[in-house]
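Sequence lines set the chain letters: A, B, ... in the order given, protein chains first and strands last, and positions in each chain run from 1.
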2 protein chains.
Amino acid sequence: MRPTIKDVAKKAKVSTATVSRIVNKLDGYSDETRERVLSTISALGYRRNAVARGLVRRSVNTVGVLLQGIETRAHLLGHSVIVCNTSSDGERTIEYLDVLGERRVDGILFTSERVKPAYARAFKELAIPVVLVSSFSRDYPLPYVKVDDEAAARDMTRYLIDKGHRRIALITGSEKDSIAGAPRIRGFRRAMKEAGLPVPEGWVVQGDFHYKSGYRAMGELLERARGMTAVFATSDEMALGALSCSFSAGLRVPADLSVVGYDDTLDAEMAIPPLTTVHQPIREMGERATAILLGSEEERRSVILPHAIVERGSVKEVVR
Amino acid sequence: MRPTIKDVAKKAKVSTATVSRIVNKLDGYSDETRERVLSTISALGYRRNAVARGLVRRSVNTVGVLLQGIETRAHLLGHSVIVCNTSSDGERTIEYLDVLGERRVDGILFTSERVKPAYARAFKELAIPVVLVSSFSRDYPLPYVKVDDEAAARDMTRYLIDKGHRRIALITGSEKDSIAGAPRIRGFRRAMKEAGLPVPEGWVVQGDFHYKSGYRAMGELLERARGMTAVFATSDEMALGALSCSFSAGLRVPADLSVVGYDDTLDAEMAIPPLTTVHQPIREMGERATAILLGSEEERRSVILPHAIVERGSVKEVVR
DNA sequence: CTGAAAGCGCTTACAG
DNA sequence: CTGAAAGCGCTTACAG
């Protein structure tokens, strides 16, 4: 059982009223009492229950937002969804984990970021089920739902090879990113190797999944990758950057160069030309993840969902 | 005061236990009791308090989602945010309003959709403050934060005129849409009129703000708008559609045709060419709206935020 | 089929 | 500076 304010009060030999005052930073206690209560709190790992507090205060510190067209992954049937926008450097992640814990949510969908030790610790303390969406952890046995990134990258590379391409460059995330980086690089290299194709030095350029990095990476490739006929960017945004850069350089896609992406976001469809890309079943991922979260203990198993290649207009068939 | 389960019990002359059973659809009551309680409930306008329920049940029917890169407008400092993804036909809106009410959120940010009478009624019953974001209502005195759509559309049209364009077409939302439709059409027509420029029959084409409709609209314009040198689409997505369609038709933007949008989404920046568009201060709108929601009664005033035109690469200066 | 009562985990006058 | 006690609005054994 999670410790309550009563447990703290008993252990610190004060009343719950005093604990409450201290926790809420009101006044009416000696420094000495404060110290004692505070250390009891951290010893016990006590965390305020925002639900009980909300009942008394008649305010739950939450605003509802009704809007159209938010990303599908934020929409999960049945339950309410509290969205926390973490920054990419993970700065606010722990903080948010705390509020989710205080509010006693039934489960947490964790996405995109690597599970750092501090997060794993927080998950354990919170005692709230977690599932990783479109992610996974080598270090902690957390259930996940994702696509097989290596297989997907391999398939896309093979697709390009089947279309007659032999000189293919890769724009990728970091090799150190064990989720969306390394596996996709592996898949690419593997397909090339299996086809007996070389990957010249400098033809694998690192970006950060965003537009600008794709643009920049394409600039580098244009300088050094002589003879390249296709570029595989491991995110749609980077592929769009590659598209823009190619366009600026006077290249026509796919006539002069083929470009493919990864994700199948709305942007892929709106690109000029429409982007051939790896489709991730985002909506289903969300649904399956929720099912895992809310299901029984035995149902709490990871799942790998099938990916697909959606063909649009950014690849040219090259005849040799 | 909102009625509680006690009020219902007293009025229906049963215990709260019985009311609870009925509300939760358990068994253990006669049909007669059920009818009586149910009608008392609707007479009183009773709605279950999900906070109290969550305290007892130790489950709040909420899952937290931690993710990176969700739309800024869903991120509001301090408070937790529950996101409800309404469909564009407003199908689930009332339903969601209900759960937000049950969960006793401190306020509701309502966006995009017109305030229908049923919503206005729900707002009143819920007794939860509401603010309209990037929207407003002629019929109900709800506070809003938005940009002046008519002025923005007029400014963008003038911008085009200043660049030497005289034959300008408009791709717009519905004339009946009093939020994002009519005002922008008015702004456009007004600027044209002030400059003594004609708007030929058929040069104003209706879309639905999405990509495909922009593509289709552009197709129509290409057929009938002879001599057109610029197109103003009142959403970035429609502008992207116009871009794609122009590209397919072999037109170069901006060399052969200038295209501008409205919104300044991420897509505008990634377009080929980068799109000149009307910027709405989305982030600030969210912050101001929250401030209105959480502020005191006097602070509950509407605000109109300044728009801006961000110049990128989709407009050509035409010399006459 | 129904109710009295305890309890969920807090906060908040009130009294000292 | 501190505590006893009531209360927030429900649910849930338990007893009848």
Asks: Return a single string for nucleotides 8-16 of chain D, one symbol per nucleotide in 5' to 3' order, where B is base contact, S is sugar-phosphate-only contact and - is none, cutoff 4.0 angstrom on heavy atoms.
Replies: BBBBBB---
Asks: Just wondering, do A:P281 and A:V147 contact through their side chains at under 4.5 Å, heavy atoms?
Replies: yes
Asks: Can you tell me which stems DNA chain D forms when a stem means 3 or more consecutive Watson-Crick or G-U pairs under 3.5 Å?
Replies: C:1-3 with D:14-16, C:5-12 with D:5-12, C:14-16 with D:1-3
Asks: When the aromatic ring centroids of B:Y140 and B:F123 are compared, is their separation below 6.0 Å?
Replies: no
Asks: Could you go through the side chain to side chain contact (heavy atoms under 4.5 Å, CB included) check for A:Y144 and A:I292 one step at a time?
Replies: CA-CA 9 Å; A:Y144 57 76; A:I292 294 177; over 6 Å; no
Asks: Which salt bridge (Lys or Arg N to Asp or Glu O under 4.0 Å) pairs, counting each pair once, include a residue from residues 25-43 of chain B, with sequence neighbours left out?
Replies: none
Asks: Side chain to side chain contact (heavy atoms under 4.5 Å, CB included) between B:T265 and B:E237: does it pass, once the steps are laid out?
Replies: CA-CA 9 Å; B:T265 56; B:E237 266 202 42; over 6 Å; no
Asks: Decide yes or no on side chain to side chain contact (heavy atoms under 4.5 Å, CB included) for B:N49 and A:L55, but give the supporting numbers first.
Replies: CA-CA 9 Å; B:N49 181 335; A:L55 179 58; 4.2 Å; yes
Asks: Kindly indicate whether the side chain of B:D98, heavy atoms from C-beta on, has any atom under 4.5 Å from the side chain of B:R47.
Replies: yes
Asks: Quick one: label A:V14 by what it contacts on the DNA or RNA (base, sugar-phosphate, nothing), any heavy atom closer than 4.0 Å.
Replies: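 Answer is sugar-phosphate: A:V14 comes under 4.0 Å of backbone atoms only.
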Asks: So, A:D263 versus A:Q280: side-chain donor-acceptor pair below 3.5 Å or not?
Replies: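 Distance-only check passes for A:D263 and A:Q280.
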Asks: Give me the residues of residues 29-40 of chain B where at least one heavy atom lies under 4.0 Å from an atom of DNA chain C, by number, or none.
Replies: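 Heavy-atom contacts with DNA chain C come from B:Y29, B:S30, B:T33.
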Asks: Please list all pairs passing the salt bridge (Lys or Arg N to Asp or Glu O under 4.0 Å) test where one or both residues lie in residues 131-146 of chain B, with sequence neighbours left out.
Replies: B:K146-B:D149
Asks: Applying side-chain hydrogen bond (donor to acceptor under 3.5 Å, both in side chains), can you list everything that pairs with A:T40, at least two apart in sequence or on another chain?
Replies: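 With neighbours one apart ignored, the set is empty.
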